[in-house]
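Below: one structure, written as structure tokens.
Counting starts at 1 for both ligands and their atoms, in listed order.
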Amino acid sequence: MPNFEWDDSLNLGDPLLDRQHKTLIALLNRASEACQASDKDTEIMHCLTGMYLYAKEHFFDEEGLMDRLGYPDRDAHKKQHKFFVDKTHAFTDGQLEGSLNAPDLLAFLTTWLREHITVEDAKILRFANTQDAPKR
Ligand SMILES: [Fe+2]
Ligand SMILES: [Fe+2]
């Protein structure tokens, strides 16, 4: 699985969210490397736990922004965040039980993060820049 490189399509123009998205992608790349490491069980667990905790922190901040903006699709967006957290947790359980499928994990993280940031998160920032939205 190739590294997930940051590119301009992921840049939403919000310093906090962009920094957090970069960190999530760095964690994904660490997980990808861990899947190829010799001592991979410990490292994968470490990466998965880090991803789970950091994603929760990022979603907390992003959901706070949506609430402050009165973003109309925030309930659906929050459900997507919950799906990611639950799925990451399920991969953690799989790793503990010895049944983790590393290619499935990496494909899920890569696809979900890219699509969610460029499509769903981008919509929040577009809304924030409309005249209807309150100042942040
Ligand atoms: Fe989001
Ligand atoms: Fe996000």
Query raised in the report: Are a donor atom and an acceptor atom from the side chains of His77 and Glu62 found within less than 3.5 Å of each other?
Result: yes

Query raised in the report: Hey, what's the ring geometry for Phe59 with His116, parallel, tilted or perpendicular (30° and 60° as the breaks)?
Result: perpendicular

**Report entry** Spacing of CZ belonging to Phe108 relative to OG1 belonging to Thr110, to within rounding of 0.5 Å
**Finding:** 10.0 Å

Requested in this report: Look at Lys40 together with Glu43 and state whether they make a salt bridge at an N to O cut-off of under 4.0 Å.
Outcome: no

Query raised in the report: Do Arg114 and Asp7 sit within salt-bridge range, that is, some charged N less than 4.0 Å from a carboxylate O?
Result: yes

Query raised in the report: Would you call Arg74 and Asp67 a salt bridge, using N to O less than 4.0 angstrom?
Result: yes

**Report entry** For the Fe ion (ligand 2), every protein N/O/S atom that sits closer than 2.8 Å, waters excluded
**Finding:** His21 NE2, His58 NE2, Glu62 OE1, Asp121 OD2

